[in-house]
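One structure below.
We number each residue from 1, following the sequence as shown. Keep in mind that what you see is a predicted model, and the values were worked out from it rather than measured. Below, each value reflects all heavy atoms present in this structure, side chains not excepted, and no hydrogens, waters or symmetry copies.
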Amino acid sequence: MEMETKETVQSKSTKKGGLNAPITIIILILISMGIFYGLFGSTSNFKGGTTDGDPENFMGIIYKGGVIIPFLISFFLMVIVFGIDRFFALNKAAGKGNISKFVDTIRDLVSRNQINEALELCDEQKGSVGNVVKEGLTTYKALSNDNSMNKEQKLIELNKTLEEAMTLEMPALEKNTVIISTIASVGTLIALMGTVIGMIKAFFALGEGGGTPDAAALSVGIAEALINTGMGIGASAIAIIVYNMITSKIDDLTFKIDEVGMSIQQSFASHH
């Protein structure tokens with residue numbers, strides 16, 4: 001029975017897809033390069049018709065941020081793409097019906113020992129929550145007819161099944177969230193690299209000018225530094241917001257699963 005439970009949950013868990021992280025990241029970096037050099041680097045964004053001229057709009061200003069900017073743009077795109085991917089994945093994991101209503105109904109059915117009806121409801125709900133609850137109810141039903149174990153052993157087995165089912169579902173729920181959390185952490189560090197490069201250019205302008213600093217070169221270096229700083233802070237801020245929203249949704253789903261799991265164990269203890 002234990003082996004069947006593991007195989008069943010594993011087969012359901014492996015069906016859940018998601019974006020292929022390495023391929024998606026490479027594609028987004030290439031898109032960012034295209035945006036940076038093709039759109040922001042368009043000669044129409046600069047005076048004189050060349051990128052050496054002063055920028056005439058915001059896109060030209062961003063282009064002046066230098067070679068680090070495409071990577072910061074890719075961070076924005078990664079947060080958006082992986083955030084949307086997780087949004088749809090977590091909605092699918094919650095199942096077809098209202099998750100709160102599903103939990104309340106399951107708890108009511110289990111309290112009345114109507115396991116077959118609860119199993120039918122799980123089939124209708126689907127999703128990660130429905131899968132975990134169904135595994136618990138299937139084990140509940142099997143243990144009810146098992147005379148080889150005492151009550152305490154059955155409760156341990158039931159709890160173990162619920163924990164294993166949840167463990168197998170978690171990777172599907174958390175897939176690619178580490179990318180968003182990493183961007184939240186390192187976005188400002190990558191931007192800092194661009195900031196340092198800009199400041200180095202500014203100090204070179206001071207040094208090469210001798211006693212009279214080149215004001216134009218100095219301002220370009222400082223501007224590059226500030227552009228990188230602003231882009232990095234923006235990317236990290238958005239990543240933090242999206243990551244917190246995703247983890248909040250995951251915590252809500254796991255809480256509801258734990259809530260139902262506790263009800264299943266309490267019902268088994270009271271009816272058997």
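Counting non-hydrogen atoms of other residues, nucleotides and ligands closer than 6.0 Å to CZ of Phe71 gives a total of 12 or fewer. By the neighbour-count criterion of 12 heavy atoms within 6.0 Å, atom CE of Met245 is sparsely surrounded, having that number or fewer from other residues, nucleotides or ligands. Within 6.0 Å of CE in Met33 there are more than 12 heavy atoms belonging to other residues, nucleotides or ligands.
In terms of heavy-atom proximity, Leu121 sits nearest to Ile106 at CD2-CD1, 3.8 Å. Residues Val79 and Ala239 approach most closely at CG2-CB, 3.7 Å, considering heavy atoms. Across Asp108 and Ser111, no two heavy atoms sit closer than the pair O-OG, 2.6 Å. Shortest non-hydrogen contact noted between Pro70 and Gly66 is CD-O, 3.6 Å. Across every non-hydrogen atom of Leu162 and Gln265, the tightest pair is CD1-NE2, 3.8 Å. Minimum interatomic distance between Pro55 and Gly60 (heavy atoms only, all atoms of both residues): CB-C, 3.4 Å.
Using a 4.5 Å heavy-atom threshold, the side chains of Tyr63 and Ile69 count as separate. At a threshold of 4.5 Å between non-hydrogen side-chain atoms, the residues Asn176 and Ile180 do not count as touching. The closest side-chain heavy-atom distance from Ile264 to Val133 is below 4.5 Å. Taking 4.5 Å as the limit, every side-chain heavy atom of Ile246 sits out of range of all side-chain heavy atoms of Lys249. For the pair Val260 and Val132, the minimum side-chain heavy-atom distance is 4.5 Å or more. Contact annotation: the side chain of Met170 approaches that of Ile250 to within less than 4.5 Å [non-hydrogen atoms, C-beta and beyond]. Proximity of Phe87 to Val242: side-chain heavy atoms (C-beta onward) are nowhere separated by under 4.5 Å.
No donor-acceptor pair under 3.5 Å is formed between the side chain of Asn131 and the backbone N or O of Ala93. In terms of modelled atom types and a separation under 3.5 Å, the side chain of Asn228 and the main chain of Gly65 share a donor-acceptor contact. With Thr254 contributing its side chain and Asp251 its backbone, the two residues share a donor-acceptor pair below 3.5 Å. A donor-acceptor contact shorter than 3.5 Å links the side chain of Thr247 to the backbone of Asn244. With Glu169 contributing its side chain and Met166 its backbone, the two residues share no donor-acceptor pair below 3.5 Å. Distance alone, capped at 3.5 Å, places no donor-acceptor pair between the Asp252 side chain and the Ser248 backbone. No donor-acceptor pair closer than 3.5 Å links the side chain of Ser267 to the backbone N or O of Ser263. Side-chain atoms of Arg86 never come within 3.5 Å of backbone atoms of Val81 as a donor-acceptor pair (strictly under, hydrogens ignored). No donor-acceptor distance shorter than 3.5 angstrom exists from the side chain of Ser236 to the backbone of Ile233, with no hydrogens or angles considered. A donor-acceptor pair is defined here as one N or O able to donate and one able to accept, closer than 3.5 Å; no such pair exists between the side chain of Lys134 and the backbone of Cys122.
At a threshold of 4.5 Å between side-chain heavy atoms, the hydrophobic network of Ile, Leu, Val, Met, Phe, Trp and Tyr places Met193 and Phe76 in one connected group. Val178 and Leu189 end up in different hydrophobic clusters when Ile, Leu, Val, Met, Phe, Trp and Tyr side chains are linked at under 4.5 Å. Grouping the Ile, Leu, Val, Met, Phe, Trp and Tyr side chains by contacts below 4.5 angstrom, directly or via other members, places Phe58 with Met231. Side-chain heavy atoms closer than 4.5 Å link hydrophobic residues (I, L, V, M, F, W, Y) into clusters, and following such links, even through other members, never connects Leu77 to Ile84. Ile240 and Ile179 are members of different hydrophobic clusters when ILVMFWY side chains are connected at heavy-atom separations under 4.5 Å.
Remark: Leu192 CG to Met199 CE distance equals 11.5 Å, nearest 0.5 Å. Atom CD of Gln114 sits about 12.0 Å away from atom CG of Leu119, to the nearest 0.5 Å. Leu168 contributes atom CG, which lies 11.0 Å from atom OG of Ser128 (distance to the nearest 0.5 angstrom). One finds the CZ atom of Phe75 at 13.0 Å from the CD1 atom of Ile238 (value rounded to the nearest 0.5 Å). One finds the OG atom of Ser32 at 6.5 Å from the CE atom of Met78 (value rounded to the nearest 0.5 Å). For the atom pair CD1 (Ile73) and CG (Leu28), the distance works out to 12.0 Å, reported to the nearest 0.5 Å.
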Take Glu135 and Glu164, measure what side chain to side chain contact (heavy atoms under 4.5 Å, CB included) needs, and give me the verdict at the end. CA-CA 10 Å; Glu135 288 302 318; Glu164 290 178 347; over 6 Å; no

May I have the step-by-step check of side chain to side chain contact (heavy atoms under 4.5 Å, CB included) for Phe82 and Thr24, ending in yes or no? CA-CA 9 Å; Phe82 287 116; Thr24 303; 3.8 Å; yes

Apply side chain to side chain donor-acceptor pair (under 3.5 Å) to the pair Tyr140 and Asn113, showing each step before the final yes or no. CA-CA 10 Å; Tyr140 180 112; Asn113 202 32; 2.8 Å; yes

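Counted by atom type alone, Glu163 and Asn159 present one or more donor-acceptor pairs between their side chains at under 3.5 Å.
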